[in-house]
Amino acid sequence: MQRVLCFVLGLVVSAGAAGGWLREQADIMGTRIVVELYHPDTATAQRGVDAVLAEMRRIDTTMSPFIDSSELSRVNREAGRHPVTVSGELFGLLQRAQRVSELTTGAFDVTFASVGFLYDYRQRVRPDDRQRKTATALVDYRQMVLDPARRSVYFRRPGMRIDLGGIAKGHAVDRCMRLLQDLGIDNALVRAGGDSRVAGERWGRPWTIGIRDPRDRDGVVAVIPLVDVAVSTSGDYERFFEQDGVRYHHIIDPRSGDSARGLRSVTIIGPDATTTDALSTSVFVLGLVKGLALVERLPGIDAILVDADGKLHYSSDIEPARKPDDGVKATSPAVAP
Ligand code: ADP
Ligand code: MG
């Protein structure tokens, strides 16, 4: 009943004040940022768009490993020598990353960067076997010591590095959504690359997100209607190069220091983008069987996987939506015709 009412109100609002819808894109954090939102007052809507883009830039400046003056770069330079005190925001995100590492027994590990930095996908550069093995020995989240009392980070092994590429975009999307809520903007989508979060509706209908075909730039394998959730996709097609028939891409198995190769893409649906971002990278590394088993254990988390043969796999909670007489729940994915 409540849902139906919202739906009707949404239609009335969007039909009556189309001018309040804004959409903007920008390239920040090495990826495409999209914000689309509604507020009846156009000036407030514009403030929302500006706030999102400014927040994305701020987080990039803090957490980019490519900016020498970023807080993250300072950690990478100094934390192998002594504990480095960091901002509450960075410390909190590192704690969250640690928890995901524990949950995934190290499939997700921000210290993957100790070997990850030897790859440059644009320049088609990768470590040789000896370099890879030496650097992979430094990958271990348990050797990154977080001290809440001092809010400090310490690497037990010199040479360790971290990179938040598997969780920071989700964090940024969540922060932006909070800013929009504070402005009273209830209908919005914020996306950073493969990480999106939606609130309310779009022109009186649920937001939808297409899951890309990992082997066809313009193809879509499924379209999901979404209500107040986050969605993240990790794929082997974002940053990669091929050499001797082998695909080297940006999701690294911390045990081998090489790209994880069991899947083509993983989409995770969950309550917030920090969680879905970290889990999409995690499940990609864990692979089909272990990855789906993890998703099944986590309440409120759903997944759609594309395996190495291009076949789709769904977690059990969303499978019923595929049966025609089952009635598609608003929050459940439906497969595109
Ligand atoms: P994107 O949206 O950038 O495609 P993903 O969510 O798929 O990102 O995560 C890929 C990024 O995660 C990589 O670019 C890298 O920065 C980071 N990463 C790669 N492997 C791991 C890992 N095993 N654990 C944590 N982070 C990782
Ligand atoms: Mg991710």
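Since the structure is predicted, the reported quantities are computational estimates derived from the model, not experimental observations. Counting starts at 1 for both ligands and their atoms, following the listed order.
Among protein heavy atoms, the minimum distance from atom 9 (O) of ligand 1 is reached at Thr281 OG1, 3.3 Å. At the shortest separation from atom 20 (N) of ligand 1 among protein heavy atoms lies Ile252 N, 3.0 Å.
Nearest to atom 12 (O) of ligand 1 by heavy atom, out of Gly166, Ala113, Gly106, Ser234, is Gly166. The nearest non-hydrogen atom to atom 17 (C) of ligand 1, considering only Phe117, Phe112, Tyr141, comes from Phe112. Closest heavy-atom approach to atom 2 (O) of ligand 1 within the set His250, Glu238, Arg255, Lys169: this belongs to Lys169.
Under the 3.5 Å distance criterion, with hydrogens and angles disregarded, a donor-acceptor pair is assigned to the side chains of Asp307 and His313. Judged purely by distance below 3.5 Å, without hydrogens or angles, the side chains of Glu296 and Ser316 pair a donor atom with an acceptor atom. Inspection of the Asp195 and Ser232 side chains reveals an N or O donor paired with an N or O acceptor under 3.5 Å.
Considering all non-hydrogen atoms of both residues, Ala51 and Leu179 come closest at O-CD1, 4.0 Å. Minimum interatomic distance between Gln98 and Met144 (heavy atoms only, all atoms of both residues): NE2-O, 3.0 Å.
Residue contacts to the Mg ion (ligand 2): Ser232 brings no N, O or S atom closer than 2.8 Å. Within the coordination shell of the Mg ion (ligand 2), defined by N, O or S atoms under 2.8 Å, Asp195 is absent.
At least one N/O-N/O distance between Asp109 and ligand 1 falls below 3.5 Å. Not a single N or O atom of Val110, backbone or side chain, sits closer than 3.5 Å to an N or O atom of ligand 1. Inclusion of Ala107 in the set of residues having an N or O under 3.5 Å from an N or O of ligand 1 is warranted.
Taking the Mg ion (ligand 2) as the corner point, the angle from Asp277 atom OD1 to Thr281 atom OG1 is about 140° (rounded to 10 degrees).
Residue-environment remark: CZ (Arg255) stays at or below the threshold of 12 foreign heavy atoms within 6.0 Å.
Taking the six-membered ring where the residue is Trp, Trp21 and Tyr38 present tilted rings, their angle falling between 30° and 60°.
For ligand 1, the atoms sitting less than 4.0 Å from at least one non-hydrogen atom of Asp277 are 6 (O), numbered in the order shown with element in parentheses.
Heavy-atom separations between Pro254 and ligand 1 include at least one value shorter than 4.0 Å.
Ring centroid separation for the pair Phe117 and Tyr119 does not come in under the 6.0 Å cut-off.
A salt bridge links Glu89 with Arg175: the distance from a Lys NZ or Arg NE/NH1/NH2 to an Asp or Glu carboxylate oxygen falls below 4.0 Å.
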